[in-house]
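First the structure, in the form of structure tokens, and then the observations on it.
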Amino acid sequence: MPELAEVVYYCNQWLPAVGRTVAAVRLHPRARVFRDADPETIASALPERKLLTADTHGKGMRFLFSGGLHLGVHLGMAGRLFTAPLPYQPDKHDHLVLELEGRAAPGVLVFSDYRMFGRIRLHEGAEAPPWWRDLPPEPQDRGFTRARFEKILDRRSRAPLKAVLLDQACFPGFGNWMADEALWRARLFPGLRAAEARKEERARLYRDLRKVARDALRVIAPEWTAPPANWLFPHRWKDGGSCPRDRAPLERETIGGRTTCYCPVCQPPIA
DNA sequence: CCCCATGTTCGACA
DNA sequence: GTGTCGAACATGGG
């Protein structure tokens, strides 16, 4: 479920706990979300630590606690973060619950993920963890230059554009719907190979994918407002959905290994 | 029972 | 090395 802006939204859910100290940890030690972490260490290291900062990069999150303790969270397909008052009775899909000291709201921080494609990591040390170091610029960043974009397309010349946009090392935060949205706005067939995109088409894609990232952050990150009807988003999963631009029936096809929605009229497939 | 799902990773293969 | 494909992971919904 979560892509760039949804990840920011969920990260914000834990933000009210900045400055608060963890009193106790409740977790399910055999949950798959702990496959890259030692649950015992998480349970013993977090109590008495104060949450200092919370930030996101792409689909990843990093919560920094006092004493140089870094908690990494990836939401996978169905993960979410929320807070709740005490006393809190964990649901069966709540894999990590942090109880906070004091009586102020929120009482607990919860990481829930019924599919368990999500992931929790822990790192202790003065330096940033390996998984939070040397991160590539996000598409909405100033540092995400046209030159960088061109290099990516040149390197992935034989891949369909859809597959390239889903590469987290190149477009951190982009997922299935953002990739489709950007290609639709740029009027490019998702199966078009990067090398086949002409100069103007590349320019459109660069402009529109950055716009999609910024629009998503504006609309979804603060309150998770429903995306407007002039985006592809609200039409893409509906059977019988039609293109908000020309009303043509939308098509769905597996491209780059994922179900891809596009408009056959304004994003004509190459024969 | 079937198929599908806003994600990642790994192995087999061209 | 590049890229594709399918499976796997685990669960729920239609």
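Chain A is the first sequence line, chain B the second, and so forth, proteins listed ahead of strands; every chain is numbered from 1. Bear in mind the structure is a predicted one, so any value in this text is a computation, not a measurement.
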Say we look at [N] and [M]: how far apart would their [atom1] atoms be, to the nearest angstrom?
| N | M | atom1 | result |
| --- | --- | --- | --- |
| B:dC3 | C:dA7 | P | 11 Å |
| C:dG1 | B:dT8 | P | 22 Å |
| B:dT6 | C:dT4 | C1' | 22 Å |

Checklist entry - So do A:Leu109 and A:Leu100 actually touch side chain to side chain, heavy atoms under 4.5 Å? => result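 Contact flag for A:Leu100/A:Leu109 side chains = yes.
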Next on the checklist: Using side-chain heavy atoms (C-beta onward) and a distance below 4.5 Å, is A:Arg148 in contact with A:Pro137?
Outcome noted: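 Yes, close enough: below the 4.5 Å cut-off.
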Taking only residues two or more places apart in sequence or in another chain, which ones pass salt bridge (charged side-chain N to carboxylate O under 4.0 Å, His left out) with [X]?
| X | value |
| --- | --- |
| A:Lys151 | none |
| A:Arg247 | none |
| A:Glu201 | A:Arg198 |
| A:Asp239 | A:Arg252 |

Checklist entry - Which of these, A:Val73, A:Val7, A:Asn12, sits in a side chain to side chain contact (heavy atoms under 4.5 Å, CB included) with A:Thr56? => result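 The side chain to side chain contact (heavy atoms under 4.5 Å, CB included) with A:Thr56 is passed solely by A:Val7 among A:Val73, A:Val7, A:Asn12.
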Item to check | Of all pairs that satisfy ring pair (Phe, Tyr, Trp, His ring centres under 6.0 Å), the ones with a partner from residues 67-92 of chain A, not counting sequence neighbours | outcome: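 Those involving residues 67-92 of chain A are A:His70-A:His123.
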Checklist entry - Which pairs count as ring pair (Phe, Tyr, Trp, His ring centres under 6.0 Å) when at least one residue sits in residues 181-227 of chain A, sequence neighbours excluded? => result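 For residues 181-227 of chain A: A:Tyr9-A:Trp224, A:Tyr10-A:Trp224, A:Phe149-A:Tyr206, A:Phe189-A:Tyr262.
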Item to check | Span of DNA chain B in contact with chain A (heavy atoms, under 4.0 Å) | outcome: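 So the contact region on DNA chain B extends B:dA5 to B:dT9.
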Item to check | Donor + acceptor pair across side chains of A:Trp132, A:Glu127 (<3.5 Å) | outcome: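 The criterion, which ignores hydrogens and geometry beyond distance, is not satisfied for A:Glu127 and A:Trp132.
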Item to check | Side-chain donor-acceptor pair present, A:Lys50, A:Thr21, cut-off under 3.5 Å | outcome: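 Distance-only check fails for A:Lys50 and A:Thr21.
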Next on the checklist: What range of DNA chain C does chain A touch, first nucleotide to last, counting atoms under 4.0 Å from its heavy atoms?
Outcome noted: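 Contact span on the strand: C:dG3 to C:dG12.
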Next on the checklist: Output the pairing pattern of DNA chain B as a dot-bracket string, 5' first, Watson-Crick or G-U wobble with both distances under 3.5 Å, | for cross-strand pairs, [ ] for crossing pairs.
Outcome noted: .||||.||||||||
At 4.0 Å (heavy atoms only), tell me whether [X] reaches a base, stays on the sugar-phosphate, or touches nothing.
| X | value |
| --- | --- |
| A:Gly76 | sugar-phosphate |
| A:Glu6 | base |
| A:Arg193 | sugar-phosphate |

Next on the checklist: Tell me the closest heavy-atom pair linking A:Arg193 and A:Pro160, and the distance in Å.
Outcome noted: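 Nearest heavy atoms, A:Arg193 then A:Pro160: NH1-CD, 4.1 Å.
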Checklist entry - When the nearest nucleotide of DNA chain C is assigned to A:Arg32 and to A:Lys92 on a heavy-atom basis, which residue is associated with the more 5' position? => result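 First, find each residue's nearest nucleotide; the 5'-ward one identifies A:Arg32.
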Checklist entry - Does any residue of residues 150-164 of chain A have a heavy atom under 4.0 Å from DNA chain C, and if so, which ones, in number order? => result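 Within this stretch, A:Arg155, A:Arg156, A:Ser157, A:Arg158, A:Ala159, A:Pro160 sit under 4.0 Å of the strand.
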Checklist entry - Which ones in residues 111-120 of chain A lie close to DNA chain C, meaning a heavy atom under 4.0 Å from one of its atoms? => result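 Contacting residues: A:Tyr114, A:Arg115, A:Met116, A:Phe117.
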Next on the checklist: Regarding A:Arg214 and A:Glu138, does a basic nitrogen lie under 4.0 Å from an acidic carboxylate oxygen?
Outcome noted: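 A:Glu138 and A:Arg214: not salt-bridged.
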Item to check | Electrostatic pair A:Lys211:A:Asp215 at N-O distance under 4.0 angstrom | outcome: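 Salt bridge between A:Lys211 and A:Asp215, a charged N being under 4.0 Å from a carboxylate O: yes.
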Checklist entry - If Ile, Leu, Val, Met, Phe, Trp and Tyr residues are connected whenever their side-chain heavy atoms lie under 4.5 Å apart, and connections chain through other members, are A:Val22 and A:Ile120 in the same group? => result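 Same hydrophobic cluster.
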Checklist entry - With sequence neighbours left out, which residue pairs that include part of residues 22-32 of chain A fulfil the side-chain hydrogen bond (donor to acceptor under 3.5 Å, both in side chains) condition? => result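 Applying side-chain hydrogen bond (donor to acceptor under 3.5 Å, both in side chains) to every pair that reaches into residues 22-32 of chain A, excluding sequence neighbours, yields A:Arg26-A:Glu99.
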